[in-house]
Asks: 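Okay, here's the structure, questions in a sec.
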Amino acid sequence: MKEIKGVIAAEVAKVSGLDESVVIGMLEYPPNADMGDLALPCFKLAKSLRKSPAQIAEELAASLAKLNEIEEAAPSGGFLNIRLAKGAFAEHVVTKSINDVHGLFSSERGKGRTAVVDYSAPNIAKPFGVGHLRSTIIGQSIVRMMREDGFHVEGLNHLGDWGTQFGKNIAAYMRWGDEEKVRANPIRELFKLYVRFHEEAEKDPALEDEGRYWFKQLEEGNEEAIRLWKWFIEESLKAFKETYQLLGVEFDHYLGESFYTDKMDAVVNELREKGLLVEDDGAEVVDLSEYGMPPCLILKSDGTSIYPTRDLASAEYRHRVLGADTLVYVVGAEQKLHFQQVFKVLELMGRDYAKNCTHVAFGLMKFNGERLSTRRGHVVYLEDVLTKAIEEAAKIIEDKNPNLANKQEVARSVGVGAVIFNDLKTYRIHEVDFRYEDVLNFDGETGPYVQYTHARACSVLRKAETRETAWPAGYVPNEIEWGLIVQLSQADETLERAVDEYDPSVMARFILQVCHAFNRFYHNNPILQSDEPTRSARLALTDATRKVLAKALYLIGLDAPEEM
RNA sequence: GCGUCCGUAGCUUAGUGGAUAGAGCGCUGGCCUCCGGAGCCAGAGGUCGGGGGUUCGAAUCCCUCCGGACGCGCCA
């Protein structure tokens with residue numbers, strides 16, 4: 001669609017004297033399909049051209065009508081409504097979908113650039129709850145979409161593997177821990193010990209000192225402390241990786257907070273040399289009052305570092321070692337101020353990549369309207385949620401398609417897809433209230449629905465018994481076929497907007513639009529029983545839809561089973 | 001107190017300067033001798049939180065009030 005908009009805009013630019021890119025931005029889709037395929041509101045042009053909008057629309061209509069790509073251009077109350085030449089456009093879109101679906105989506109805008117995307121970031125020895133789901137799948141989708149757009153992307157998992165909590169973990173394990181239990185169920189067992197530590201510490205405050213003592217031991221290299229800490233990480237990571245595998249999520253780097261312990265001095269020294277550090281209440285901070293922000297804490301009053309320091313060191317590492325010119329952080333909205341501060345400090349340090357740092361914030365996840373609180377032990381394990389969804393999918397498969405070959409694998413794809421899609425279909429800033437009744441409902445605008453649509457297209461093509469499909473030259477689509485083609489043609493604009501806004505929900509909504517259009521087409525137009533050339537055209541359109549859906553589903557992290 | 005974000009149908013939401021505010025769930029009623037009914041079609045359901053303003057045009061931009069969430073140094 002970008003291409004055809006360019007052609008139209010060039011012509012409008014020539015006649016009106018406006019900038020071509022401005023005209024492209026003004027082109028919109030009419031609210032009603034019978035008005036046309038594209039529309040240009042001419043009201044804004046009235047002032048500069050000193051003519052009435054209606055007159056401008058009329059004049060533009062006359063010159064646009066001459067273009068081969070346009071069937072009709074009609075002025076209507078200050079709007080210019082444009083109908084595309086359907087046959088040629090359809091052939092172009094369908095052919096591209098079938099033979100070069102990557103090209104349909106992408107013009108590789110990110111070519112030559114490198115981005116590091118930070119997502120998921122669970123805490124070692126803590127539950128991986130539904131709350132972590134958002135960062136994980138939004139991040140994974142952003143990684144895939146940016147790669148599609150031509151970026152070189154390094155996906156990074158910034159594990160919470162350092163801090164005073166590990167002193168508590170060690171202390172708790174030494175008092176009450178059982179190696180076998182931890183091995184069998186590392187996260188749940190370690191978390192149980194952690195919760196117990198807090199409970200007992202209420203009665204016996206001396207425990208807190210014990211926790212602090214063990215963290216100090218850890219920092220000073222006590223062998224036993226380090227051995228346990230490494231073991232907790234190893235066991236936790238094993239468990240996390242199982243979940244990632246279930247979700248189909250991957251990382252290029254696992255770099256925890258501890259990785260930066262020896263890389264922070266350089267940052268602190270540079271800040272000091274540049275005169276950015278000031279003493280405040282015993283701590284050292286960067287004053288940001290000039291920019292309307294509270295100071296950014298760099299060293300605590302006891303001289304130790306804190307998370308902004310770590311984030312500065314890690315940004316440097318991502319830029320220098322990993323070669324990133326673009327840094328993306330998929331982290332909850334509650335940390336917005338923190339990232340604004342860190343990015344501002346990077347700017348004050350003279351880092352030019354500071355302007356390419358983005359905090360991709362998302363809203364809190366609630367469970368049945370309640371806030372989840374790890375400390376209070378109010379967690380919902382993602383593992384349990386996924387298991388439930390997979391069981392539900394298996395039940396429905398048993399009911400609707402009992403002869404399916406690889407039921408287990410498909411149930412996994414569908415169950416996990418339901419959970420992922422339920423989350424990604426909503427604008428990421430909104431809070432999400434996680435409810436089983438919604439997640440386990442497979443009707444309507446859901447993961448199973450879009451996967452089903454893809455499987456259905458595959459089924460038609462299987463029955464057609466043709467390997468190659470192609471749009472018959474000169475075939476002009478009917479209204480319903482056209483509706484689907486117009487949807488497919490918007491793949492390029494969709495990817496660009498989704499990447500620019502770092503928002504997978506843009507892609508999810510595109511998928512729903514394509515699915516609605518395809519199912520409408522499917523119900524109203526016989527494919528296999530049609531005469532030529534209609535049969536070929538409809539098969540090609542089905543093939544095009546299948547290819548577009550498979551790609552788009554991949555971009556938001558869903559599998560696209562051919563049967564389900 | 002200051003700052004940021006959110007408020008659209010019973011519920012979940014799309015639309016963020018253009019034409020009659022679109023969907024899904026739930027509810028009511030149709031559609032399988034036909035390519036997969038996890039589907040399709042139709043219906044009921046809306047003071048776009050309230051009020052002011054800017055504009056040819058406002059759900060969208062500005063101001064203000066109300067409701068909710070989240071931040072505002074020694075956790076991350």
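Everything numeric in this text was worked out from a predicted model, so none of it was measured. Per chain, numbering begins at 1; letters A, B, ... match sequence-line order. Below, each value reflects all heavy atoms present in this structure, side chains not excepted, and no hydrogens, waters or symmetry copies.
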Asks: So A:R538 and A:S530, side-chain hydrogen bond (donor to acceptor under 3.5 Å, both in side chains) or not? Walk me through it.
Replies: CA-CA 9 Å; A:R538 290 182 178 167; A:S530 294; 3.2 Å; yes

Asks: How close or far is atom P of B:rA38 from atom CG of A:L404, stated in whole angstroms?
Replies: 13 Å

Asks: Could you give the OH-to-C1' distance, from A:Y194 to B:rC75, as a whole number of Å?
Replies: 9 Å

Asks: Tell me whether the centres of the aromatic rings in A:F197 and A:Y194 are closer together than 6.0 Å.
Replies: no

Asks: Grab the CD-P distance between A:E431 and B:rG67 for me, whole Å please.
Replies: 17 Å

Asks: If you count the non-hydrogen atoms of other residues, nucleotides and ligands that lie under 6.0 Å from CD in A:E28, is the total more than 12?
Replies: yes

Asks: Would you say A:S459's side chain and A:A455's backbone share a donor-acceptor pair under 3.5 angstrom?
Replies: no

Asks: What integer distance in Å separates A:F518:CZ from B:rG36:C1'?
Replies: 11 Å

Asks: Assign each of A:Y522 and A:A333 to its nearest nucleotide of RNA chain B by heavy atoms, then name whichever residue's nucleotide is nearer the 5' end.
Replies: A:Y522

Asks: Checking all strands, does A:V285 fall into the base, sugar-phosphate, or nothing category for heavy-atom contacts under 4.0 angstrom?
Replies: base

Asks: Do the side chain of A:E493 and the main chain of A:M1 share a donor and acceptor less than 3.5 angstrom apart?
Replies: no

Asks: Please state the C1' separation for the pair B:rG68 and B:rG57 - nearest whole angstrom.
Replies: 32 Å

Asks: Going by atom types alone, do A:S301 and A:D281 pair a side-chain donor with an acceptor below 3.5 Å?
Replies: no

Asks: Taking A:R318 for the side chain and A:V116 for the main chain, is one N or O donor matched with an acceptor at less than 3.5 Å?
Replies: no

Asks: Name the orientation of the base relative to the sugar in B:rC32: syn if the glycosidic angle is within 90° of 0, else anti.
Replies: syn

Asks: In residues 495-512 of chain A, which residues come under 4.0 Å of RNA chain B by heavy atom?
Replies: A:R497, A:R509

Asks: Could you tell me how far B:rA9 sits from B:rA21 if I compare only their C1' atoms? Round to whole Å.
Replies: 11 Å

Asks: Under the side-chain hydrogen bond (donor to acceptor under 3.5 Å, both in side chains) criterion, do A:N123 and A:H132 qualify, and how do the steps go?
Replies: CA-CA 10 Å; A:N123 295 316; A:H132 292 91; 4.9 Å; no

Asks: Roughly how many Å is it from CZ in A:F215 to P in B:rC75, rounded to a whole number?
Replies: 10 Å

Asks: Starting at CZ of A:F339 and ending at C1' of B:rG71, how long is that distance when rounded to a whole Å?
Replies: 14 Å

Asks: Taking the C1' atom of each, how far is B:rC31 from B:rG36, in whole Å?
Replies: 16 Å

Asks: How far, in whole Å, is B:rU60 from B:rG49 if one measures between their C1' atoms?
Replies: 15 Å

Asks: With sugar-phosphate meaning primed atoms plus P, OP1 and OP2, does A:Q335 contact a base, only sugar-phosphate, or nothing at under 4.0 Å between heavy atoms?
Replies: base

Asks: Can you tell me the distance, in whole Å, between the CG atom of A:D433 and the C1' atom of B:rA69?
Replies: 13 Å

Asks: Tell me, for nucleotides 5-10 of chain B in 5' to 3' order, what letter each nucleotide earns: B for a base near a protein heavy atom under 4.0 Å, S for only sugar-phosphate near one, - for neither?
Replies: SS----

Asks: Taking the same atom, C1', in B:rA44 and in B:rC6, what whole-Å distance lies between them?
Replies: 30 Å

Asks: Of the options A:V23, A:V22, A:I24, which is the one that meets A:V12 in a side-chain contact (heavy atoms from CB on, under 4.5 Å)?
Replies: A:V23

Asks: Starting at the 5' end of RNA chain B, what dot-bracket string do you get if Watson-Crick and G-U pairs under 3.5 Å are bracketed, crossing pairs use [ ], other-strand pairs use | and unpaired bases use dots?
Replies: (((((((..((((....[...)))).(((((.......))))).....(((((..]....))))))))))))....

Asks: If we ignore hydrogens and angles and just use 3.5 Å, is the side chain of A:S120 paired with the main-chain N or O of A:N157 as donor and acceptor?
Replies: no

Asks: Give the nucleotide from the list B:rC40, B:rG36, B:rA69 with an atom nearest to the side chain of A:R520.
Replies: B:rC40

Asks: Heavy atoms under 4.0 Å, any strand shown: does A:I397 hit a base, just sugar-phosphate, or nothing?
Replies: base

Asks: For B:rC40, does either OP1 or OP2 sit under 4.0 Å from a side-chain N or O belonging to A:Y449?
Replies: yes

Asks: Taking any heavy-atom pair under 4.0 Å as a contact, classify A:I306: base, sugar-phosphate, or nothing.
Replies: sugar-phosphate

Asks: Distance-only criterion, 3.5 Å: show the donor-acceptor pairs between side-chain atoms of residues 412-419 of chain A and protein atoms not counting sequence neighbours.
Replies:
residue	atom	partner	partner atom	Å
A:R412	NH1	A:L246	O	2.6
A:R412	NH2	A:D559	OD2	2.8
A:S413	OG	A:E409	O	3.4
A:S413	OG	A:D559	OD2	2.7

Asks: Sticking with atom P, work out how far B:rC62 lies from B:rG3, rounded to a whole angstrom.
Replies: 15 Å

Asks: When you check every protein heavy atom under 4.0 Å of nucleotides 18-32 of chain B, what one-letter string (B, S, -) results, 5' to 3'?
Replies: BBB--SSS-------

Asks: When we call it a touch if two heavy atoms are under 4.0 Å apart, what does A:N525 touch: a base, just sugar-phosphate, or nothing?
Replies: base

Asks: Using a heavy-atom cut-off of under 4.0 Å over every strand shown, decide if A:M564 touches base, sugar-phosphate, or nothing.
Replies: base

Asks: What is the distance, to the nearest angstrom, from the CD atom on A:Q341 to the C1' atom on B:rU4?
Replies: 13 Å

Asks: Going by the ring pair (Phe, Tyr, Trp, His ring centres under 6.0 Å) test, which pairs reach into residues 443-468 of chain A, not counting sequence neighbours?
Replies: A:Y449-A:H516

Asks: Between A:R456 and B:rG37, is there a contact of a side-chain N or O with OP1 or OP2 at under 4.0 Å?
Replies: yes

Asks: Under 4.0 angstrom, heavy atoms only, what part of the nucleic acid is A:Q451 near: base, sugar-phosphate, or nothing?
Replies: nothing

Asks: What is the nucleic acid contact for A:Q165, judged by heavy atoms within less than 4.0 Å: base, sugar-phosphate only, or nothing?
Replies: nothing

Asks: From B:rG36, B:rC35, B:rA38, pick the nucleotide closest to the side chain of A:P448?
Replies: B:rA38

Asks: Go through the steps to decide whether A:T136 and A:L133 satisfy the test side-chain contact (heavy atoms from CB on, under 4.5 Å), and finish with yes or no.
Replies: CA-CA 5 Å; A:T136 306; A:L133 180 67; 5.5 Å; no

Asks: Could you give the distance separating B:rC27 and B:rC66 at their C1' atoms, to the nearest angstrom?
Replies: 32 Å

Asks: Where do A:W162 and A:F215 land on the side-chain contact (heavy atoms from CB on, under 4.5 Å) test, with the steps shown first?
Replies: CA-CA 9 Å; A:W162 198 245; A:F215 182 60; 3.8 Å; yes

Asks: If each of A:L337 and A:S301 is mapped to the nucleotide of RNA chain B with the nearest heavy atom, which maps nearer the 5' terminus, i.e. the 5' end?
Replies: A:L337

Asks: Using a heavy-atom cut-off of 4.0 Å across all strands, would you classify A:D281 as base, sugar-phosphate, or nothing?
Replies: base

Asks: Answer yes or no: does atom CD of A:E290 have more than 12 heavy-atom neighbours from other residues, nucleotides or ligands under 6.0 Å?
Replies: no

Asks: Can you figure out which of B:rG36, B:rU13, B:rC40 approaches the side chain of A:T426 most closely?
Replies: B:rU13

Asks: With under 30° as parallel and over 60° as perpendicular, where do the rings of A:F339 and A:F343 fit, or are they tilted in between?
Replies: tilted

Asks: Test A:D438 against A:N422 for side-chain hydrogen bond (donor to acceptor under 3.5 Å, both in side chains), laying out the working first.
Replies: CA-CA 8 Å; A:D438 292 338; A:N422 176 256; 5.5 Å; no

Asks: What's the gap between B:rG30 and B:rA69 when it is taken at their P atoms, as a whole Å value?
Replies: 44 Å

